[in-house]
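Down below is the structure, laid out as structure tokens.
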Number of protein chains: 2
Amino acid sequence: MADDRLSRVFSALADPTRRDIVARLASGDATVNELAEPYDVTVQAVSKHIKVLEDAGLVSRGRDAQRRPCRLEADVLDLMTKWIERYRREAEDRFRRLDAVLERTAEQSAADAPAKEAAS
Amino acid sequence: MADDRLSRVFSALADPTRRDIVARLASGDATVNELAEPYDVTVQAVSKHIKVLEDAGLVSRGRDAQRRPCRLEADVLDLMTKWIERYRREAEDRFRRLDAVLERTAEQSAADAPAKEAAS
DNA sequence: CCACTATTCAACCAATCGGTTGACAATGCC
DNA sequence: GGCATTGTCAACCGATTGGTTGAATAGTGG
């Protein structure tokens, strides 16, 4: 119960290399060696990155002889989108309401004191 | 040029406490002390969390006497949603195409060998 | 001016992270 | 069987992280 799923997903995607790996997996499955090729880090480092993505549920692995092909699990991305969208919408609604209040207040002031400015 | 915006946003939200702070700010601005109250960590720790969120562009701060009220900047959330949705859609499309191919292949096999099952 | 409140800065600490090297397991091919 | 290929495990290292305590800054209100 150490850390929830959402935390693992967010922190998995906090690393640019891992985001890049996800981007590449979106256009097709790939083996660890294929994924490691473009970077100038060891294949072990990439293996670790993939493990992080796997623990977050973002990729699953198959078995093809001694190869362990990686596949993107897009479902988990919904989890993040849902979290994000919820608060974005909430904040936007709040701003909308605030704007409405301000507008009404402005109208009121105009009505109450049609020609008077606030004293300095 | 150390780290890009997206990395900062993702890693800011990788922490449960920070996600919680964002959630609370979505329903209204708050000061550091108010935000710190529910947690059993020092106010300094929360101040650091807010700084992380601020550096990621997720919150902005105002000035009201000696208070520095925090406000959620929801725009940045769009950045993440866009990144996520792009690859989710890409992966989904790929699966859809793959399904279509498999279906066509299945039809073909059925036509080629109407009554024959594959040998054990 | 003084005291109080709100917030941050600085130094420190343990844990985690991204990377390395080196050894090891598993599988296919000759 | 022997060997090359693919991938992981283990131990280590320096940097970063999330937390602490203690001191400093800044603005309010008597």
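Letters go in sequence order (proteins before strands), and every chain restarts at 1.
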Footprint ends on DNA chain D, 5' to 3', for atoms under 4.0 angstrom from a heavy atom of chain A, come out as D/dT5 to D/dA11
Scoring nucleotides 17-30 of chain C by protein non-hydrogen atoms under 4.0 Å (B base, S sugar-phosphate only, - none) yields -SBBBB----BS--
In terms of heavy-atom contacts, B/Arg19 and B/Ala14 come closest through NH1-O, 3.5 Å
Passes side chain to side chain contact (heavy atoms under 4.5 Å, CB included), A/Leu13 versus A/Leu58? Steps please. CA-CA 9 Å; A/Leu13 293 181; A/Leu58 280 161; 4.0 Å; yes
Is the shortest heavy-atom distance from the side chain of B/Asp78 to the side chain of A/Ile84 under 4.5 Å? no
Check DNA chain C against residues 25-34 of chain B and give the residues with a non-hydrogen atom under 4.0 Å, in numerical order. B/Thr31, B/Val32, B/Asn33
Here the distance between atom P of C/dA10 and atom NZ of B/Lys51, to the nearest Å, is 11 Å
Given A/Glu92, which of A/Arg88, A/Arg94, A/Arg89 fulfils the salt bridge (Lys or Arg N to Asp or Glu O under 4.0 Å) condition? A/Arg88
Sequence neighbours left out, cut at 3.5 Å: what donor-acceptor pairs do the side chains of residues 41-55 of chain A make with other protein atoms?
residue : atom : partner : partner atom : Å
A/Thr42 : OG1  : A/Ala45 : N            : 3.3
A/His49 : ND1  : A/Arg18 : NH1          : 3.2

Any side-chain heavy-atom pair from A/Val32 and A/Arg61 closer than 4.5 angstrom? yes
Do A/Trp83 and B/Met80 come close enough that some side-chain heavy atom pair is under 4.5 Å? no
Identify every side-chain donor-acceptor pair in residues 62-76 of chain B under 3.5 Å, counting partners at least two apart or on other chains, and give the distances.
residue : atom : partner : partner atom : Å
B/Arg68 : NE   : B/Gly62 : O            : 3.2
B/Arg71 : NE   : B/Asp29 : OD2          : 2.9
B/Arg71 : NH2  : B/Asp29 : OD2          : 2.5
B/Glu73 : OE2  : B/Ser60 : OG           : 2.9

By side-chain contact (heavy atoms from CB on, under 4.5 Å) - contacts of B/Arg86 (at least two apart): B/Glu90
Contact summary for B/Ala26 and A/Tyr87, nearest pair of heavy atoms: CB-CD2, 3.7 Å
